[in-house]
Amino acid sequence: MSRPPHRIVVPGDKSVSHRAVLFNAMAEGEARITGLLNAEDVGRTVQAARQLGARLAHEGDVLVVRGGPWRDSGEIDCGNSGTTARLLLGALAPRAGARFVGDASLSKRPMRRVLDLLGRMGADTSAGPTLPVEVRRAALVGIEHVATVASAQVKSAVLLAGLGAEGETAYTEPVSTRDHTERMLFAMGARLAVSSTAAGTRLAVRRGSLQACNVRVPGDISSATFWLVAAALLEGVAVELPGVGLNPTRTAAIDVLRRMGAELQVEEEPGVEPIGLVRVRGRGLRGTTISGAEVPRLIDELPALAVAAAFAEGETIVRDAAELRVKESDRIEAIVGGLRAIGVEAEARPDGFVVQGGGARGGEVRTHGDHRIAMAFSVAGLRVPVAIDERASVQTSYPGFFEELERLREAIVPPR
Ligand code: S3P
């Protein structure tokens with residue numbers, strides 16, 4: 001007899017949480033946000049919003065945000081959070097001044113991709129290329145830009161700056177990235193036009209204010225993916241995840257796990273952000289190739305998918321994912337290093353990696369202080385003994401992760 005699915009409620013989506021706080025902090029009126037991710041990264045955005053003059057208060061599980069015009073702030077500490085830094089740089093440029101700092105990892109990550117575009121719009125910032133960066137309020141003018149990196153953070157920074165700029169600010173994406181910013185800006189009354197051009201999807205925004213908008217933050221598909229992979233690794237184990245965000249710009253990990261042989265069912269409810277139940281049942285996995293337009297739709301899920309590949313039959317190839325090198329760690333090196341440490345054959349490529357499935361026997365893995373590396377290899381620990389060198393990094397996106405992992409471990413122990 002098969003046992004009932006083990007149920008896991010994942011915390012709120014990190015990308016949507018940052019945007020719900022930040023955009024409402026810029027807006028007119030009062031917004032109620034439910035399901036906000038309560039983790040360090042989003043805490044950085046909440047703190048920054050307060051420093052800039054927004055009023056934020058918790059009422060039970062709801063965060064009430066009252067926005068308004070921003071005032072200059074002193075230092076804004078973005079911690080480990082690239083989304084806080086890059087979105088706020090764009091939002092601040094036409095509105096207020098601040099000095100941005102971050103932790104050791106964030107201080108190594110590229111900011112020129114945002115600063116150069118803001119500079120073209122007339123922003124007054126120090127040159128980077130990394131944090132610390134100073135921003136002083138300036139009069140901006142719109143630009144026409146075609147993206148050279150697939151980055152929702154860069155896109156969002158330009159659109160937020162464009163909301164405070166003269167004329168039209170247009171950003172064209174040859175390859176689509178997560179579109180939470182566009183969805184929320186529409187819901188808040190921004191003058192944003194989306195069109196399809198030969199160069200890709202063109203987003204054009206004009207100066208204007210935002211109206212506060214209540215947000216129900218969906219569960220984070222990136223956090224859910226650790227459990228999808230966990231179940232996929234354990235034959236006969238079923239996990240169900242209610243309330244997960246199913247925005248199609250984020251769901252390629254589901255497609256890939258299906259392609260690898262996992263049994264996955266999705267029940268979706270439409271909305272500004274689609275949300276739904278995902279059910280997964282473990283059975284044998286096989287290797288696959290991940291490349292092209294699929295990559296931005298699962299970029300944060302690649303550490304978890306690499307672990308699935310380690311236990312799959314055959315080879316898995318990841319291409320077109322050079323962006324992994326500038327995440328919270330160089331994730332190509334961190335993934336390959338981790339796989340080798342547990343006995344799996346893996347090779348780093350400039351824009352990805354190759355994994356030969358099978359052979360995992362366990363070992364000690366370095367996380368490089370990266371939450372997603374820590375969680376991915378802890379999931380591998382359900383199959384082989386794995387020790388990781390730190391656990392604190394998971395606080396950035398999933399504070400309850402290890403407790404949840406223990407509950408799953410207990411649930412899958414065969415009854416005596
Ligand atoms: C994010 C965009 C992605 C992603 C990050 C969150 C966002 O980064 O990796 O975790 O919320 O916009 P890039 O914009 O650098 O691709």
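Indexing begins at 1, ligand by ligand and atom by atom, following the structure's order.
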Is R99 salt-bridged to E75, cutoff N-O under 4.0 Å? yes

Would you confirm whether D179, through its side chain, and E182, through its main-chain N or O, come within 3.5 Å as a donor-acceptor pair? no

Please collect all ring-ring contact (aromatic ring centres under 6.0 Å, His included) contacts where either partner lies in residues 115-159, sequence neighbours excluded, each pair once. H145-Y171

Could you list the residues that satisfy salt bridge (Lys or Arg N to Asp or Glu O under 4.0 Å) with D351, not counting sequence neighbours? none

Verify whether one side chain among R202 and T197 offers a donor that lies under 3.5 Å from an acceptor in the other. no

I need the full list of salt bridge (charged side-chain N to carboxylate O under 4.0 Å, His left out) pairs touching residues 386-405, with sequence neighbours left out, sorted by first then second residue. E404-R407

Residues in the immediate environment of ligand 1 (any heavy atom closer than 4.0 angstrom): S15, R19, T83, R86, A150, S151, A152, Q153, R178, I299, D300, K327

